[in-house]
Amino acid sequence: MFPKRTFRLTLLVAFVFSFQIAYALTEDEKNNIDLYQALAPGVVNITSTVVEHDFFFNVIPRQGTGSGAIIDQRGYILTNNHVIEDAHKLEVTLSTGKKYTAKLIGSDPDTDLAVVKIDVPKEKLTVIPFGLSGNLKVGQKSIAIGNPFGLGQTLTTGVISSIGRTMRSSTGSLVEDIIQTDASINPGNSGGPLIDSSGHLIGITTAIFSPTGASVGIGFAIPVDTAKRVVNDLIEKGYYSYPYLGATLMNLFPDIASALKLPVTSGALVVDVTPRGPADRAGLRGGNRRAQIGNNIVIVGGDVVVSVNGKPVQDADAAIREVRKLRPGDKIELGIVRWDGSKGTITVTLGEKPRDVRAKQP
Amino acid sequence: MFKSAALNIQNCPRPYRSALVFFILCLGFTATVFALTSIENNTIAAYEKVAPSVVNITTMDCDPEFFWCATPAESGSGSGVVLRADGLIVTNNHVISNAKKITVALSDGRRLDAHVLASAVADDFAVLKVDPGEKTLRAISLGNSDKLRIGERVLAVGNPFGLGQTLTAGIVSMTNRTVKDGGKIMRDLIQTDAPINPGNSGGALINSEGELIGICTAILSPTGSSIRIGFAIPVNRMKEVVPGLINPWPRIIGWGVAALLLALFLKRIYRRPEATSPGAL
């Protein structure tokens, strides 16, 4: 009939066109679909049952829903502390619909992170790999998979709106480098993963800013770098051991400094040291008398911390931030200014922060 | 066919072979580390281009309870767009109306006091002036809002709820939208589904090239915060209105000349009968 070459060419053209018609999706859409199909099995729904009592001590169970990400083949699931807090019973639903009872492994209210565990053979689990949150760029894609309003597994996409915001957790401690995204995050998304376009975990969706209680396009996630720091301790010990200085610090304001005739105008004033704590043993001095400066009563007489490991600190928050970067057992060098104006350095071996004794879930 | 390909390791001279393998490995490594899609790279580039040109505006006004207004309270936040490097900033009039004191926070962290140069209430535009000192600002590049197509990707940069600079992304939902806000009618607006919230007002709506195409101005929402129906005044309207605000003299002279011509024309028509002309009496 017609030459063989023409036939081959027609076949090739038909082949190419069939591809274009069958997969007429943009690169971005394909990326979303691939990521969802690959990682959705790694996202679980968490239902927590909190038992409350009414006035007559009748038991009233209250259920809450959240999300979580499987981070280890042994069945460890990373979620938010506020999802599992005070729960008497935790139930995890995999994307297949199978329900498992989960055990609380560890939690850290200061970063609002927690790890729970389910006993499932590892071939049935999909792990969401950890990524990096240190080199994120504003504008890159962020994908949230979660369980908003308990509806069931939901994919939302957006961009990273900003990086480096700070947030206060429910215990009042600062969580830094928070990721802001415009992907729709709603109640129930808490604890779910925020994923980048290469399929790595970059954050744990934790909070939203909203006057209405539902998404207005401003969602926040705890960076995965913070989670990586905390998770191993949570799995091994059930808590994260924070470094402990054993000193109470307050901001040294310029008016206080000038009233006390100190040679510095900013730093962290040591109000009090815990007896036989790490700072006390190293020789850091706390305040010993009260003085009225302006309208404030300040406990004075203590040292002023002006640098931590050679890095100048302007206020108490900055000093605490530097200490928080280290682990218990590390040595830290404090540059101090004494009450009499003399300068010096003190080397403190950090201890482990004492914890409130909490009843662990059986 | 593929034998002629450039990366044929077998034909490569031996000393270069290991280098080539290393190069390919490096290539593969960078590909996995920076595996961003093209749309992401585009968004990042567009944001980084405009980020220095979008400012946060904080206003203070008087508490009506106090008579003397000794301590103006921080009352509102909005956004603005740098129009000229010497310190001209465009924002919405409703961001700065009633303000007693206006502070502009640049993206590099500097905080500058601003004053209102001019404002157009009907178009909801205001032009602010700051003194940037030696370190001048970066002016935004203006796009063409007449060329916008529905479905095109747009980005909003602003300061929602005073949180700080924020990027949100969406598409053009509709162009030439007319919106009624109370008694006021705004025409020819761009509608977008990029989340726009209180505080985004006066901020930039940009296209994927990083060019300004609109000034975020209003939202439709029963709750007062974003339900992904936001409106922006097209940049072409700004190009018509704002030069007149910055330099009103051409307009004043133009109207003056027009009035003069009209007066001469009327004088010619209603010319008084000349006294010397013969007539009745």
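Computed from a predicted model, the values in this text were never measured in an experiment.
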Quiz item: Who wins among B:Ile227, B:Asn197, B:Thr223 for the most heavy-atom pairs under 4.5 Å with chain A?
Solution: B:Asn197
Quiz item: What part of A:Ser184 gets closer than 4.5 Å to chain B, counting heavy atoms only: side chain, backbone, both or neither?
Solution: both
Self-check item: Region of A:Leu132 in contact with chain B, defined by heavy-atom distances below 4.5 Å
Solution: neither
Practice problem: Select one option (side chain, backbone, both, neither) describing which atoms of B:Ser221 are under 4.5 Å from chain A's heavy atoms. | Solution: neither
Quiz item: If contact means a heavy atom pair closer than 4.5 Å, which residues of residues 205-219 of chain B contact chain A?
Solution: none
Quiz item: Do B:Phe161 and A:Pro211 come within less than 4.5 Å of each other through their side chains, counting heavy atoms only?
Solution: yes
Quiz item: Does the side chain of A:Glu27 come under 3.5 Å of the side chain of B:Thr37 through a donor N or O and an acceptor N or O?
Solution: no
Self-check item: Side chain to side chain, A:Ser197 and B:Leu36, heavy atoms closer than 4.5 Å
Solution: yes
Exercise. Under 4.5 Å heavy-atom distance to chain A, tell me which part of B:Ile196 shows up: side chain, backbone, both or neither.
Key: neither
Exercise. Report the C-alpha separation of B:Thr166 and A:Arg165 in whole Å, then their side-chain angles, then the decisive distance to 0.1 Å, and conclude whether the side-chain hydrogen bond (donor to acceptor under 3.5 Å, both in side chains) test is met.
Key: CA-CA 11 Å; B:Thr166 290; A:Arg165 296 229 197 283; 3.0 Å; yes
Quiz item: Can you list every side chain to side chain donor-acceptor pair (under 3.5 Å) pair that touches residues 138-153 of chain A, not counting sequence neighbours?
Solution: A:Asp28-A:Lys141, A:Asn31-A:Lys141, A:Asn32-A:Lys141, A:Ser142-A:Thr181
Self-check item: Nearest-0.5 Å distance that lies between atom OG1 in B:Thr43 and atom NZ in A:Lys137
Solution: 12.5 Å
Quiz item: Any side-chain heavy atom of A:Ile218 sitting closer than 4.5 Å to one from B:Leu163?
Solution: yes
